[in-house]
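Below is a structure I'd like to ask you about.
Just so we're on the same page: letters track the sequence lines, and every chain starts at 1. These values consider heavy atoms only, across backbone and side chains, with no hydrogens, waters or symmetry-generated copies. What you are looking at is a predicted structure, and each value in this text was computed from that prediction instead of being measured.
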Amino acid sequence: MNSRLVNIYRFLLERYGKQGWWPLIQHRRQNPLVKESDRGYHPENYDLPSCHDEIYEICLGAILTQNTGWTQVEVALNNLFQLNNLKPDLMQKAEIEVIKEAIKPAGYFNQKAKKIKIFTEYFVGLGLGCDKIPTRDELLSIWGVGPETADSMLLYAFKVPTFVVDAYTMRIFTNLNFIRENATYNEVKRLFEENLPKDLVIYQEYHALIVEHSKRFYRRGSDYRNCPIYQKRIKDEI
DNA sequence: AACCAGGACGTGA
DNA sequence: TCACGTCATGGT
């Protein structure tokens, strides 16, 4: 079991390359050398986020992308950037109706605006240095932050090696028969964390690669047997 | 033109 | 605990 998850990781990495998650719109804005087509992705740069506002941007992105495609989140983030440069203290002062209008393209704007407001209060409370890294339970206690959002914030914003599970992860690994149909979030999370070296880069890339792979082979309604990993498993090659 | 997207919450059993 | 409805815009 152990080496299988590692083998799948190697397979995905070789096939798709380094993913450069989490995308950051302000990093691109501030670096003319970064190509527009990169859309905020930054392969092989694991130093990001490099400042307080970038940490905050990732957290907002994690909320905005709940059950929503990233292209729509990008629009919402750019709207927010135009509003107040994605600065937490300015977001605090912003009218919630203005926030709603800005994030409308990302859907669920009533809920998400409220979530952003509540989270921003918490985030400002962490202080500018961000030396206090939130715990998972702290994040989970915030209204609007569930397990995937909390883990995404920890892994990509706060650089804590904790594995992110999402609907795609469930689909792939039930299809590959690694987990049962009704496995819980924490069961799946544990499966990965117990069978992978506890390494920030691996955790970051693995989740990103799972999303990339799933967009190609695990869309709803598609035949999961077309998945090349599934094919290799059939032939007992992985 | 239905159907889905990098979920979370509230409710009732 | 668990299953199900709700939230909402914009892609294919």
Original post:
When all nucleic acid strands are considered with a 4.0 Å heavy-atom cut-off, which category describes A:Ile142: base, sugar-phosphate, or nothing?
Top reply: sugar-phosphate
Subject >> A:Tyr41 (side chain) and B:dG6 (base): donor-acceptor pair under 3.5 Å >> reply: yes
Subject >> Residue met sooner reading DNA chain C from 5', once A:Thr71 and A:Thr68 are mapped to nucleotides >> reply: A:Thr68
**OP:** Quickly work out the A:Lys112 NZ to B:dC9 P distance and round it to whole Å.
**Re:** 13 Å
Original post:
Can A:Trp21 be said to stack with the base of B:dG6, given centres closer than 5.5 angstrom and planes under 30 degrees apart?
Top reply: yes
Original post:
Under 4.0 angstrom, heavy atoms only, what part of the nucleic acid is A:Gly146 near: base, sugar-phosphate, or nothing?
Top reply: sugar-phosphate
Original post:
In whole angstrom, what separates A:Gln66's CD from C:dG10's P?
Top reply: 18 Å
Tabulate protein N/O versus nucleotide N/O from nucleotides 10-13 of chain B, keeping only pairs under 3.5 Å, one per line.
unit_1, atom_1, unit_2, atom_2, d
B:dG10, OP1, A:Trp143, NE1, 3.0

Original post:
Dot-bracket, DNA chain C: Watson-Crick or G-U, under 3.5 angstrom, [ ] crossing, | other strand?
Top reply: |||||||.||..
Subject >> Integer-rounded Å distance: C:dG10 P and A:Asn78 CG >> reply: 15 Å
Please list, for nucleotides 4-6 of chain C, all pairs of protein and nucleotide N/O atoms separated by less than 3.5 Å.
none

**OP:** Report yes or no: do A:Tyr9 and A:Glu205 form a side-chain donor-acceptor pair below 3.5 Å?
**Re:** no
Subject >> Exercise: do A:Gln66 and A:Lys115 side chains pair donor with acceptor under 3.5 Å >> reply: yes
**OP:** Describe the nucleic acid contact of A:Val164 in one word from base, sugar-phosphate, nothing, applying a heavy-atom distance below 4.0 Å.
**Re:** nothing
Original post:
Which part of the nucleic acid does A:Ser152 contact within heavy-atom distance under 4.0 Å: base, sugar-phosphate only, or nothing?
Top reply: nothing
**OP:** Round to a whole Å and report the spacing from OH of A:Tyr168 to P of B:dG6.
**Re:** 4 Å
Subject >> Ring-on-base stacking C:dA8 with A:Phe109 (under 5.5 Å, under 30°) >> reply: no
Subject >> Donor-acceptor pair between A:Glu54 and A:Gln26 side chains, under 3.5 angstrom >> reply: no
Original post:
Does OP1 or OP2 of B:dC4 have a side-chain N or O of A:Arg171 closer than 4.0 Å?
Top reply: no
Original post:
Can the ring centres of A:Tyr224 and A:Tyr218 be said to be less than 6.0 Å apart?
Top reply: yes
Subject >> A:Trp70/A:Trp22 under ring-ring contact (aromatic ring centres under 6.0 Å, His included): CA gap, chis, key distance, verdict >> reply: CA-CA 11 Å; A:Trp70 185 255; A:Trp22 188 282; 5.5 Å; yes
Subject >> C1' spacing across the pair C:dG11 / B:dA1, given as an integer number of angstrom >> reply: 13 Å
Original post:
If you measure from the Lys or Arg side-chain nitrogens to the Asp or Glu carboxylate oxygens, is any gap between A:Arg180 and A:Glu187 under 4.0 Å?
Top reply: yes
Original post:
Just wondering, more than 12 heavy atoms not from A:Glu237 lying within 6.0 Å of its CD?
Top reply: yes
Original post:
Taking the six-membered ring for Trp, is the centroid-to-centroid distance between A:His207 and A:Phe163 below 6.0 Å?
Top reply: no
Original post:
Quick one: is A:Asn110 getting a side-chain N or O under 4.0 Å of the C:dA8 phosphate, OP1 or OP2?
Top reply: yes
Subject >> Spacing between A:Lys215 atom NZ and B:dA5 atom C1', to the nearest angstrom >> reply: 10 Å
Original post:
To the nearest angstrom, how far is A:Phe119 atom CZ from B:dG7 atom C1'?
Top reply: 16 Å
Subject >> Integer-rounded Å distance: B:dA5 P and A:Met170 CE >> reply: 14 Å
Original post:
Any idea how A:Phe158 and A:Phe123 line up, ring-wise: parallel (<30°), tilted (30 to 60°), or perpendicular (>60°)?
Top reply: tilted
**OP:** Check whether any side-chain nitrogen or oxygen of A:Arg220 sits under 4.0 Å from OP1 or OP2 of B:dA5, and answer yes or no.
**Re:** yes
**OP:** Report which part of the nucleic acid A:Ala167 touches: base, sugar-phosphate, or nothing (heavy-atom distance under 4.0 Å, all strands).
**Re:** sugar-phosphate
Subject >> Nearest-angstrom distance, C1' atom, B:dG6 to C:dA3 >> reply: 23 Å
**OP:** State, without any angle test, whether A:Lys112 and A:Thr68 hold a side-chain donor-acceptor pair at a distance under 3.5 Å.
**Re:** yes
Subject >> A:Val165 reachable from A:Leu140 in the ILVMFWY side-chain graph, under 4.5 Å edges >> reply: no
Original post:
Hey, are A:Ser50 and A:Asp47 close enough side-chain-wise for a donor-acceptor pair under 3.5 Å?
Top reply: no
**OP:** Return no unless some side-chain N or O of A:Thr65 is found under 4.0 Å from OP1 or OP2 of B:dA5.
**Re:** no
**OP:** In whole angstrom, give me the gap between the P atoms of C:dA8 and B:dG10.
**Re:** 14 Å
Original post:
Does the ring center of A:Phe217 lie less than 6.0 Å from the ring center of A:Tyr230?
Top reply: no
Subject >> Nearest-angstrom distance from the residue atom CD of A:Gln72 to P of B:dC3 >> reply: 18 Å
